Amino acid sequence: MNSLISLEKVNYQIADQHILHDVDWQIPAGAHITLTGPSGGGKSTLLRIIAAMISKTSGTLIFDGQPIESYDPIMYRRQVSYCFQQPTLFGETVADNLAFPYQIRKQVMDTQRVVTALNNVGLSERTLHQPIIELSGGERQRVALIRNILFLPKVLLLDEVTAGLDENNKQIVHAWLRQLNEQDHVTTIMITHDATEIAAADQLAKVVAGRLEVHA
Amino acid sequence: MNLAVNNTSLFLAAMLVLVALGISLWQKLGLDRDIVIGVVRAVVQLFIVGYLLKYIFRVNNLWLTLAMMGFIIFNAAWNAKKRGPGIDHALAISLLAIFVSTGVTLGVLVLSGAIKFVPSQMIPISGMIASNSMVAIGLAYRSLNSQFHDQRQGVLERLALGAGLLDASIAIVREAIRTGMSPTIDSAKTVGLVSLPGMMSGLIFAGVDPVRAIKYQIMVTFMLLSATSLGSIIACYLAYRNFYNEQKQLK
Ligand SMILES: Nc1ncnc2c1ncn2[C@@H]1O[C@H](COP(=O)(O)OP(=O)(O)OP(=O)(O)O)[C@@H](O)[C@H]1O
Ligand SMILES: [Mg+2]
């Protein structure tokens with residue numbers, strides 16, 4: 001199998017607390033995977049390791065044919081993009097957040113692209129200049145999500161990004177994520193407990209007490 | 001000059017200590033021991049410094065003067081370091097920041113002819129510059145520590161978006177530099193209106209024409225702005241990386 005990401009015997013420990021046990025996982029390029037499991041099982045920890053936000057204690061993680069250690073973490077994170085469970089926005093306005101991905105690449109914000117992205121997740125152009133403190137939880141979640149895809153990553157790691165949305169917006173965001181996967185070939189791994197989202201996946205993985213079970 | 005303080009008058013002024021001691025005992029503040037230790041230390045340290053400076057001024061030796069300035073800078077760095085717990089290499093960073101900020105500021109003052117390279121001017125001025133730089137750096141460290149703690153999630157999100165370490169920290173670094181500089185800027189705004197600062201008071205006390213004394217104070221205002229801004233910026237730019245590990249993750 002041609003895996004974009006492959007994990008072998010990945011463990012994660014903090015002090016004497018063993019959070020992930022011998023995780024083996026093959027993630028094919030272009031896959032759309034959902035990850036579920038009980039609270040505290042280790043789902044977020046697993047995605048953060050794949051996102052290079054934390055480092056595994058032992059085992060190997062191969063991305064695009066090379067061990068994760070061989071990449072510059074900054075450049076790696078632009079390809080394997082993690083969107084937080086309960087993200088916070090930074091700066092003053094929505095524009096500060098959406099300009100950030102351009103800023104770090106020393107580019108000027110492509111307003112047209114940003115507005116299109118806002119529309120795609122059911123937000124209007126007006127949102128762009130709104131102060132972040134005025135946004136609802138669901139609006140924040142969607143703005144945060146857009147930050148991750150203004151420059152398309154190879155892999156999108158989504159940590160319960162639709163959990164705070166109402167049914168209507170959940171469907172809009174989910175359809176848009178499917179489109180990113182199908183048309184733009186972004187490999188997506190999403191943590192979710194939503195039955196419809198789980199049913200739409202190519203692969204269902206489950207983390208229970210630090211152990212991964214994969215159902216094709 | 002009509003400076004009248006002598007041993008007898010000092011001894012009588014020591015009565016003032018009894019006021020503090022009396023209040024501590026009366027109000028059961030439990031500070032009496034600290035007051036006694038504080039007073040004894042102040043007297044001993046100042047006498048030693050007085051005789052030491054007298055000696056250094058008399059021999060007027062270049063190396064001795066530089067050694068004394070080095071001692072001041074080292075002590076300032078040591079104290080600044082203590083305000084940045086958890087920051088690795090805080091001593092080395094503080095030393096460099098205080099050395100450069102003091103050196104540049106003194107250099108400009110000497111080259112412009114504002115002060116002369118004699119121990120009786122170099123040493124007190126170095127002390128003023130280094131101590132202000134020290135306070136600024138200490139404030140900046142504290143601000144870095146508290147911001148990296150309070151804004152942890154924001155930093156993590158910037159990193160997850162592929163930001164470099166400076167891009168992820170720049171808002172925090174700027175705020176910390178601002179925090180380091182702000183007392184100096186605030187006091188520049190109120191100088192002469194709220195307090196008559198030490199340098200100027202001392203000169204007036206010694207009988208110098210107030211119009212000459214304020215010129216020195218203006219020089220002090222300038223030099224402290226330079227010292228605190230240089231000290232804060234150097235310390236912050238060298239210290240922020242400490243909050244990340246080798247894998248460019250937030251510690
Ligand atoms: N930095 C940390 N220090 C200590 N324990 C941690 C740390 N990070 C995670 N854990 C522990 O690891 C376990 C797994 O956490 P994780 O956040 O990965 O769970 P999760 O499956 O995402 O849960 P949820 O569905 O509630 O988000 C938990 O018991 C958590 O307390
Ligand atoms: Mg989680």
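Here is how names work: the chains are called A, B, and so on, in the same order as the sequence lines, proteins then strands, and each is numbered from 1. What you see is a predicted model; the values in this text were computed from it and never measured. The figures here come from the full heavy-atom set of this structure, side chains too, leaving out hydrogens, waters and symmetry mates.
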> Is it the backbone or the side chain of Asn97(A) that comes under 4.5 Å from a heavy atom of chain B, or both, or neither?
Replying inline: neither

>> So for Leu156(B), is it side chain, backbone, both, or neither that comes closer than 4.5 Å to the heavy atoms of chain A?
In response: both

> Between Ser44(A) and Asp159(A), does any side-chain donor sit less than 3.5 Å from a side-chain acceptor?
Replying inline: yes

> Can you check whether Phe148(B) and Tyr240(B) have ring centres sitting under 6.0 Å from each other?
Replying inline: no

>> Under 4.5 Å from any heavy atom of chain B, what part of Gln86(A) do you find: side chain, backbone, both or neither?
In response: backbone

> In terms of heavy-atom pairs under 4.5 Å, which option from Ala144(A), Ser55(A), Ser81(A), Ala52(A) contacts chain B the most?
Replying inline: Ser55(A)

> If only atom types and distance count, is the side chain of Ser24(B) paired as donor or acceptor with the main-chain N or O of Leu31(B) below 3.5 Å?
Replying inline: yes

> What part of Ala171(B) is in contact with chain A, defined as an atom under 4.5 angstrom from a non-hydrogen atom: side chain, backbone, both or neither?
Replying inline: neither

>> If you apply the rule salt bridge (charged side-chain N to carboxylate O under 4.0 Å, His left out), what do you find for Glu175(B) with Arg178(B), and how did you get there?
In response: CA-CA 5 Å; Glu175(B) 184 56 32; Arg178(B) 215 176 280 137; 2.6 Å; yes

> For Tyr82(A) and Arg77(A), does a side-chain donor sit closer than 3.5 Å to a side-chain acceptor?
Replying inline: no

